[in-house]
There are 2 protein chains.
Amino acid sequence: MQKKYLAIYQDLLKRIKEHHWREQEMLPSENELSTMYDASRETIRKTLDILVREGYIQKVRGKGSVIINRHMHHFPVSGIQSFKELSQKLNLDAKTYVHQLVLKKPRDEIQDQLNLSKDERVWSVARIREIDDEKVILDKDYFVKAYVPELTVDVCENSIYEYLEGSLGLEISFAEKEITVEEPTDEDYRLLDMEGFTNIVIIKSRVYLKDASLFQYTVSRHRPDKFKFVDFARRS
Amino acid sequence: MQKKYLAIYQDLLKRIKEHHWREQEMLPSENELSTMYDASRETIRKTLDILVREGYIQKVRGKGSVIINRHMHHFPVSGIQSFKELSQKLNLDAKTYVHQLVLKKPRDEIQDQLNLSKDERVWSVARIREIDDEKVILDKDYFVKAYVPELTVDVCENSIYEYLEGSLGLEISFAEKEITVEEPTDEDYRLLDMEGFTNIVIIKSRVYLKDASLFQYTVSRHRPDKFKFVDFARRS
DNA sequence: GAGTGGTCTAGACCACGAC
DNA sequence: TCGTGGTCTAGACCACTCA
């Protein structure tokens with residue numbers, strides 16, 4: 001049997017997306033849902049927790065669960081997503097060029113970011129992303145060889161994540177990201193169509209697997225006009 | 001009695017921060033914790049869920065809960081925080097100047113962002129933040145009068161959030177944020193020390209209360225060199 | 001096989017909101 | 001007072017890891 005709380009979650013999510021309830025309207029109470037889905041109240045609460053976390057509903061003590069009007073649900077751009085997933089969702093005219101693909105001992109900064117021992121090697125990939133025929137993103141990925149033994153230009157051109165999760169069976173779990181804005185380097189000017197822009201948005205990520213091992217470090221450099229980030233945050 | 005799962009959470013968090021366990025080390029199992037704290041396993045799981053959500057531990061099925069090495073725990077800059085909380089945590093030399101404080105019918109964009117009816121009024125506050133004697137942030141806040149009946153220059157100079165949560169008893173619950181980079185306006189050049197910078201980082205937020213009502217819209221404009229954002233994201 | 005976390009249950013009591 | 005969500009329990013079975 002598949003997980004009950006996930007099945008209920010998917011059913012509720014579907015109904016929410018189909019506007020089965022208006023925004024500001026109340027969901028059925030936990031007890032009602034419990035009867036409706038033939039599940040214990042704790043199981044219902046588990047599914048509602050997901051909807052709360054994802055910003056679809058807000059629970060109000062003594063009243064019920066309110067459907068939230070979420071402006072930003074239209075821009076599904078946060079969280080952990082591959083460039084391919086993203087460009088498909090947003091229906092972008094996107095191309096990827098592999099600029100570099102080598103297996104080597106990384107320089108100190110990368111070694112430090114990935115907590116590597118002296119002699120470990122990493123796959124170093126540099127890719128240029130073209131959107132609407134403009135080169136606007138430079139992605140530099142570093143994968144620990146212990147987790148990713150092989151990597152080809154073909155895979156890098158298509159989708160590394162599809163390969164990692166599909167063929168290698170790696171399970172990505174969480175990531176830390178840091179966003180800053182800096183001056184472009186010579187390399188940025190050389191590889192990207194910077195037009196008049198004199199700043200570049202830098203997203204540095206450390207990506208972890210399900211067993212909490214760190215396997216990837218990425219530096220993604222975006223031309224500022226093509227950058228947008230959305231976030232949903234709960235207080236404490 | 002205070003909530004048991006929160007008490008346990010705080011105790012575990014304290015121990016983690018005191019490096020009671022090394023990174024990569026396992027926490028005691030859920031059954032052991034259950035005995036240690038005289039709590040049911042479900043209660044223990046509830047406290048562990050918080051630690052997982054906040055990125056302190058990662059659970060691994062069949063093994064246990066691993067302490068995560070979280071580089072970014074040193075930069076507590078994400079989530080919902082007031083400028084005062086932030087500057088205190090980061091120990092900044094910061095000052096705030098109130099540039100404008102008026103109660104008025106907002107312009108269309110604001111009315112739209114706050115889902116307001118025709119005649120509702122909002123407090124419109126513009127504040128300039130100075131860090132290390134440079135004016136680098138321009139904050140424009142809009143508060144729905146129905147929730148914030150009164151606002152004074154004094155409060156705006158100190159901390160509006162302290163006033164809202166302390167004196168008014170409002171409970172902030174969650175926020176949607178959107179980060180983009182744009183060209184500075186004349187106003188930015190006039191009010192901020194833009195030095196040579198030709199871009200500005202814009203953070204737009206909608207802030208909601210515990211009952212899911214939208215009460216604040218904010219546009220925060222940062223000089224790019226003084227901007228940094230960190231994020232912790234879980235996959236699906 | 002023993003131990004771990006993941007799911008699920010039925011029932012209890014509490015705090016809060018609405019009437 | 002009644003219904004809501006919030007906390008907590010004791011116990012069950014499953015899926016997974018490791019020796």
Side-chain angles (χ1 to χ4, degrees), chain A residues 1-12 21 24-53 56-68 169-171 173-174 208-213 234-236, chain B residues 1-12 21 24-53 56-68 169-171 173-174 208-213 234-236:
Chain A
M1 182 174 80
Q2 88 137 309
K3 291 170 210 163
K4 196 184 243 186
Y5 77 92
L6 276 184
I8 302 174
Y9 159 73
Q10 273 149 13
D11 191 60
L12 285 176
W21 299 281
Q24 303 286 16
E25 213 176 330
M26 291 290 177
L27 237 56
S29 76
E30 296 180 350
N31 281 316
E32 284 172 309
L33 290 171
S34 179
T35 315
M36 282 169 57
Y37 288 104
D38 188 33
S40 75
R41 194 173 145 227
E42 286 292 352
T43 297
I44 295 296
R45 286 177 57 75
K46 207 164 174 178
T47 86
L48 294 187
D49 277 351
I50 308 177
L51 293 171
V52 168
R53 227 173 21 242
Y56 290 102
I57 63 171
Q58 169 78 357
K59 292 175 148 210
V60 186
R61 204 216 265 276
K63 299 215 266 184
S65 300
V66 193
I67 301 283
I68 295 178
L170 295 181
E171 296 192 86
S173 169
F174 61 93
Y208 296 77
L209 299 175
K210 236 189 182 147
D211 67 350
S213 50
R234 297 201 158 265
R235 180 105 166 140
S236 89
Chain B
M1 181 172 83
Q2 88 138 309
K3 292 170 207 161
K4 198 185 240 187
Y5 78 92
L6 277 185
I8 301 175
Y9 159 73
Q10 273 148 14
D11 191 61
L12 284 176
W21 300 281
Q24 304 286 14
E25 213 176 330
M26 291 290 177
L27 235 57
S29 76
E30 296 181 349
N31 281 317
E32 284 174 309
L33 290 170
S34 180
T35 315
M36 282 170 56
Y37 287 105
D38 188 34
S40 76
R41 194 172 144 228
E42 285 292 352
T43 298
I44 295 296
R45 287 176 58 74
K46 207 163 173 181
T47 86
L48 294 186
D49 277 352
I50 308 177
L51 293 172
V52 168
R53 228 173 21 244
Y56 290 101
I57 63 172
Q58 169 77 356
K59 292 177 153 208
V60 187
R61 203 216 268 269
K63 298 215 266 183
S65 300
V66 193
I67 300 284
I68 296 178
L170 295 181
E171 297 192 85
S173 170
F174 61 94
Y208 295 77
L209 299 175
K210 232 180 186 159
D211 66 351
S213 51
R234 297 199 158 265
R235 180 105 166 139
S236 91

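Naming: A, B, ... by sequence-line order, numbering from 1 per chain. The analysis underlying the following values was restricted to heavy atoms, covering all of them including side chains, and did not include hydrogens, waters or symmetry mates.
- Remark: the backbone N or O of B/Leu27 is not paired with any side-chain donor or acceptor of B/Ser65 at under 3.5 angstrom.
- Remark: A/Glu30 engages A/Lys59 in a salt bridge, criterion side-chain N to carboxylate O under 4.0 Å.
- Here the P atom of nucleotide D/dC8 and the NZ atom of B/Lys4 are 7 Å apart, to the nearest Å.
- Between B/Lys59 and C/dT4 there is no side-chain N or O to OP1 or OP2 distance below 4.0 Å.
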Identify the pairs formed between an N or O of the protein and an N or O of nucleotides 17-19 of chain D at a distance under 3.5 Å, and give each distance.
residue : atom : partner : partner atom : Å
D/dC18  : OP1  : B/Lys63 : NZ           : 3.2

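- At the heavy-atom level, B/Asp211 lies nowhere under 4.0 Å from the strands shown.
- Under 4.0 angstrom from either OP1 or OP2 of D/dG6 there lies no side-chain N or O belonging to B/Lys3.
- Between B/Glu171 atom CD and C/dG17 atom P there is a gap of 9 Å when expressed in whole angstrom units.
- At least one side-chain heavy atom of B/Leu33 sits under 4.5 Å from a side-chain heavy atom of B/Leu48.
- In this structure, A/Lys210 contributes its side chain and B/Gln58 its backbone to no donor-acceptor pair below 3.5 Å.
- Atom NZ in A/Lys46 sits roughly 9 Å away from atom P in C/dG6 (whole-Å rounding).
- Using a 4.5 Å cut-off on side-chain heavy atoms (C-beta onward), A/Arg53 and A/Arg234 make no contact.
- One finds no side-chain N or O of A/Thr43 lying less than 4.0 angstrom from the OP1 or OP2 phosphate oxygen of C/dT7.
- For the pair B/Ile8 CD1 and D/dT7 P, the computed distance is 13 Å after rounding to whole Å.
- Between A/Arg45 and the phosphate of D/dG6, there is a side-chain N or O to OP1/OP2 separation shorter than 4.0 Å.
- In terms of heavy-atom proximity, A/Asp211 sits nearest to A/Ser213 at OD1-OG, 2.5 Å.
- The CG-P distance, from A/Leu48 to D/dT4, rounds to 13 Å in whole Å.
- Note: CZ (A/Arg41) to C1' (D/dG6) measures 7 Å, nearest angstrom.
- The distance between atom CD of B/Glu30 and atom P of D/dT9, rounded to the nearest whole Å, is 14 Å.
- For B/Tyr37, there are no ring-ring contact (aromatic ring centres under 6.0 Å, His included) partners, not counting sequence neighbours.
- The side chain of B/Ser65 approaches C/dG5 more closely than any other nucleotide in the set C/dG5, D/dT4, C/dG11.
- Between B/Lys210 atom NZ and C/dA15 atom C1' the separation is 12 Å, expressed in whole Å.
- Among D/dT7, C/dC8, D/dT9, the nucleotide with an atom closest to any side-chain atom of B/Tyr5 is D/dT7.
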